[in-house]
Structure formats: C-alpha cells, structure tokens
Number of protein chains: 2
Amino acid sequence: MTQAARTRPAPIPDAANEDAREAGYAHAGTDQGEPARGEPAEAPHYDLIELLFFAYRDFVADPDRILAEYGFGRAHHRVLHFVDRHPGLTIAELLDILRITKQSLNRVLKELIEQGYIAQRTGTSDRRHRLLTCTPEGRALAQRLAGVQGERVRRALAEAGPALRDPASRFLLAMIEPGERAGVSRLIAGGDPARGDPAPEATP
Amino acid sequence: MTQAARTRPAPIPDAANEDAREAGYAHAGTDQGEPARGEPAEAPHYDLIELLFFAYRDFVADPDRILAEYGFGRAHHRVLHFVDRHPGLTIAELLDILRITKQSLNRVLKELIEQGYIAQRTGTSDRRHRLLTCTPEGRALAQRLAGVQGERVRRALAEAGPALRDPASRFLLAMIEPGERAGVSRLIAGGDPARGDPAPEATP
DNA sequence: CATTTATGTCAGTCTTGTTGACATATCTCA
DNA sequence: TGAGATATGTCAACAAGACTGACATAAATG
C-alpha cells in the first residue's frame with residue numbers, strides 16, 4: 001500500500017470528533033457574507049465548482065493507471081489523444097490545442113516517436129510542417145485510453161439519464177472561454193484544427 | 001510576449017495546408033473501427049471527453065492568474081478552498097479530499113500558515129487533531145478565487161440557460177467514482193466531511 | 001503500558017510545466 | 001534572387017507539485 005492512502009481505511013474520515021467544528025473565523029453552509037450593499041451579488045456556485053474538481057479528478061485517474069504501465073504520463077496522453085483524433089496534425093496546431101511551450105511538447109513527443117507510438121512525415125505543400133499520425137500501436141493505446149474515459153461517460157449517462165448528454169455538452173462548452181468556443185466546437189466536430197471546414201476524410 | 005504564445009497571432013492556426021490531411025494510418029470523424037464482431041460497442045463520447053478537457057483548462061486558468069500574484073499555485077488554491085468551505089477541517093480529512101500525500105500537503109500548507117492565510121488550532125476532544133481555519137486574509141483570498149470561478153459558472157449558465165444548472169450538476173456527480181458520490185454530495189451540501197450529518201453551524 | 005492514530009519532517013526522485021537562447025530548413029514577398 | 005518571416009528542433013536551467021521511504025513525536029485507546 002502506498003503512502004498516498006493513509007493509515008485510515010475509510011474513504012471518508014471516520015473520526016467522530018464532535019468538537020471539531022467550533023470554528024474560529026467560522027462560517028458555513030449557505031451564508032455567503034455580504035459583498036457590498038445594494039447588489040446582493042449572488043454567491044458563487046460552489047456546487048458546480050466542486051463537482052468539476054471531483055469529476056475531473058476521477059476522470060483522469062482511469063487513464064493515469066493505464067499510462068503508468070507504459071511509463072507515460074498525462075502529457076503523453078493529451079498528445080496521443082489529439083494526434084489520434086486528428087491525423088496529420090502539425091506541431092503548431094498541437095501547441096495551440098495544448099497551450100504549452102514547444103519545449104514541453106517536444107519532450108513528450110520525442111518519447112512517443114522514439115517508442116513508436118507516433119510517426120512524423122514532412123508536409124508536401126509546406127515542407128516545414130511535420131505531420132503527426134499515430135502508428136497502429138499509438139492508435140491502439142489512444143483508443144484504449146479513450147475507451148476508459150468513454151466508459152465513464154457512458155456509465156454516467158446511463159445512470160443519470162441519457163437525456164443529460166446534450167445539456168452537459170452545452171454547459172461544458174459555455175464554460176470555455178468565449179473566444180475559443182468556435183474553434184473547440186470545430187475541433188470536436190472532427191474539423192480540421194487549422195481551418196473552418198469539416199474534416200476532409202482521410203484519403204484512402 | 002512569452003514563448004508559450006508562439007509567433008503566430010491567431011488563436012487557431014491559420015496555415016491553409018491543404019495537403020496536411022493525407023494521413024498515413026488515417027481515420028477520421030465518425031468511423032470508430034470495429035471492436036469485436038457481434039457487439040457494435042458504441043464509440044466513446046469524444047465530445048464530452050474533450051469538452052471536459054477544455055472546460056477544465058479554462059476553469060483553472062482564472063485562479064492561476066490571481067494565485068501568481070501571491071506566489072501560490074493550484075495546490076495552495078485547493079487547500080485554501082476546502083479549508084474556507086469547511087472551517088475546522090483536519091489534516092486527515094483534507095488528505096482524503098485532495099488525494100495527495102501528507103508530504104505534498106504539508107509543503108503547501110506550511111506556506112499558507114507561515115504567510116498567515118491559514119491558522120491551526122489543536123482539537124479539544126482529540127488533541128492530536130489540527131483544526132484548520134482561514135484567517136481573514138485567507139478567507140478573502142479564498143473568496144476572491146471562488147469569485148472568478150463562480151463568475152465563469154454564472155456566465156456559462158446565463159449564456160447557455162439557467163435550466164442547465166441541475167442537469168450539469170447531475171452529470172458531473174455521475175462522473176464521480178460511484179463509491180465517492182455520497183461523500184462528495186455531503187461535502188458539497190456543506191456537511192461535515194468526517195460524518196454524515198449536515199454542517200453544525202459554527203458556534204458563535 | 002503497549003499499540004494505534006494523527007501529524008510532522010528529512011531526503012531524494014519524477015513529471016511536466018516554465019524561460020531564454022540559438023540553429024536550421026523552408027516559404028514568401030519585394 | 002535575396003531578406004525576412006515561419007515552423008520546427010534543441011540545449012540548459014529552473015520551479016511546482018506530485019511521489020517514495022524512513023523516521024519522530026504526541027496523544028488516544030485498549
């Protein structure tokens with residue numbers, strides 16, 4: 001057993017310390033402190049804020065376990081995922097999606113290439129470009145990872161109601177920076193990340 | 001300008017490389033490859049998977065900017081947030097919420113205490129416990145951080161429809177590991193993280 | 001009094017992000 | 001054609017935040 005899981009067995013602490021809540025600078029529950037007379041300035045949606053934290057925490061835990069088998073991390077996952085979803089992606093496009101520096105990207109990308117999960121080709125119309133694609137191994141891993149995440153989503157919708165799919169999507173999209181939403185929508189719709197048009201089906 | 005934002009100005013790449021999609025191990029869009037005859041084994045919900053990634057990315061970007069002013073990071077934010085929400089929280093409870101090691105927690109917690117954002121008291125019924133509370137400064141910072149995240153949520157609901165609040169909550173809750181949901185629900189409802197009952201209002 | 005529990009701490013490692021500087025190949029435009 | 005801009009690659013250093021293992025102390029508990 002690792003140290004991350006402490007000595008205590010229960011997933012939720014079980015110490016029944018009745019006095020633990022004699023808070024000093026206390027406040028609790030629904031009272032949110034008046035911000036400035038006049039405007040009640042509604043309280044933050046603490047429920048959604050925290051649900052997003054916990055949901056994301058569990059959402060990435062599944063892939064993390066698989067990635068550990070390969071000696072990879074989350075950074076590798078993101079690269080593999082978007083390259084799998086968008087074969088022919090360039091470095092610049094990937095940088096734009098991931099919002100990290102090219103040095104950070106290069107480190108993990110180099111490993112994925114060296115270990116045969118991603119392949120590079122030189123662009124033909126612009127030979128400066130490096131077009132990234134997954135090898136069969138990379139594709140298999142990417143799909144295994146998407147599999148466990150998709151399974152969590154599938155189960156969530158099955159349990160909470162398939163009707164939630166659309167509202168959940170719309171909420172999450174609205175949580176994205178307004179200026180980015182169009183690009184993200186195109187990307188998710190399978191569109192070319194570089195342009196506005198739909199995905200040109202891979203030429204066979 | 002930093003290196004993270006590359007030379008190219010556009011948020012979405014603008015190179016019109018028409019040939020970029022002559023993929024090698026190509027696949028695209030909706031075809032998901034047959035998994036094993038018999039069961040069609042529905043494709044993963046790539047839309048929700050990716051929306052979660054992008055939404056979370058922007059969701060944490062707001063606090064990150066504020067935290068940088070104080071020389072703090074995301075780890076400090078999480079600690080501050082849950083201590084603010086649950087005054088009198090113990091170390092063990094916090095470890096259980098955050099799912100990190102005590103060493104990791106201790107590093108950031110020590111900084112928050114030394115710099116006067118969080119205060120510690122010894123438990124009275126169990127003097128081994130350290131009951132954590134925010135100082136006024138800690139509370140102010142915690143609320144400023146919750147403010148920007150709450151504002152994003154508020155705007156999302158205003159734009160995509162207030163009716164989404166409940167469906168979004170239910171979806172996110174369902175995305176959480178089943179065994180954890182009850183505890184998370186209690187926590188969010190303002191309940192004592194250690195027990196099953198509602199929050200004992202802070203004794204004045 | 002022995003053991004367990006809650007917490008603190010030292011020391012080292014890993015992943016993944018950052019900055020700054022510089023190199024190379026290729027494309028574009030005047 | 002040649003000057004610049006663009007796309008990529010790379011070296012070196014650094015920081016945050018996670019991890020591991022080991023050990024120390026105080027307090028509760030039987």
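Order of the sequence lines fixes the chain letters, A, B, ..., with proteins taken first and strands second; residue numbering starts at 1 for each chain. All of these numbers come straight from a predicted model, not from anything done at the bench.
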Using whole Å, report how far CG of Leu89(A) lies from P of dT8(D).
-> 10 Å

Rounding to a whole Å, what distance do you find between Phe72(A):CZ and dT16(C):P?
-> 10 Å

Regarding the side chain of Ile100(B), the nearest nucleotide among dC19(D), dT18(C), dT9(C) is dC19(D)

What about the rings of Phe53(A) and Tyr46(A), do their centers lie closer together than 6.0 Å?
-> no

Is any side-chain N or O of Gln103(B) under 3.5 Å from a base N or O of dG21(D), one able to act as donor and the other as acceptor?
-> yes

Are the charged groups of Glu177(A) and Arg152(B) less than 4.0 angstrom apart, N to O?
-> yes

Mind calculating the distance between CG (Leu112(B)) and P (dA16(D)) to the nearest angstrom?
-> 13 Å

Answer whether the closest heavy-atom distance between the side chains of Leu94(A) and Thr90(A) falls below 4.5 Å.
-> no

Within residues 73-82 of chain B, those residues having any heavy atom closer than 4.0 Å to DNA chain D are Gly73(B), Arg74(B), Ala75(B), His76(B), Arg78(B)

Sequence neighbours excluded, every pair satisfying ring pair (Phe, Tyr, Trp, His ring centres under 6.0 Å) that has a member inside residues 97-125 of chain A | Phe72(A)-Tyr117(A)

Other residues, nucleotides, ligands: >12 heavy atoms within 6.0 Å of Arg155(A) CZ = yes

Would you call Arg78(A) and Glu50(B) a salt bridge, taking side-chain N to carboxylate O under 4.0 Å as the test?
-> no

Side-chain donor-acceptor pair under 3.5 Å between Gln149(A) and His45(B), yes or no?
-> no

Is the shortest distance from a Lys or Arg side-chain nitrogen in Arg181(A) or Glu159(B) to a carboxylate oxygen in the other one below 4.0 Å?
-> yes

N/O-N/O pairs, protein side and nucleotides 27-30 of chain C side, under 3.5 Å:
residue, atom, partner, partner atom, Å
dC27(C), OP1, Arg127(A), N, 2.9

Provide, to the nearest angstrom, the distance between the NZ atom belonging to Lys102(B) and the C1' atom belonging to dA24(D).
-> 10 Å

Using a 4.0 Å heavy-atom cut-off across all strands, classify Gln120(A) as base, sugar-phosphate, or nothing.
-> sugar-phosphate

Between atom CG in Leu131(B) and atom C1' in dA6(C), what is the gap in whole Å?
-> 12 Å

Would you mind telling me which of dT18(C), dG9(D), dA18(D) lies closest to the side-chain atoms of Arg130(A)?
-> dG9(D)

Which whole-number value in Å describes the distance from Glu93(B) CD to dT5(C) P?
-> 16 Å

To the nearest angstrom, the CG-P distance between Leu95(A) and dT19(C) comes to 13 Å

Give a yes/no on whether any side-chain N or O of Ser104(B) is located under 4.0 angstrom from OP1 or OP2 of dC19(D).
-> yes

Length of the CG-C1' vector between Leu105(B) and dA18(D), whole Å = 12 Å

So with a 6.0 Å cut-off around CZ of Arg144(A), is the heavy-atom count from everything else above 12?
-> yes

Side-chain N or O of Thr101(B) closer than 4.0 Å to phosphate OP1/OP2 of dC19(D) | yes

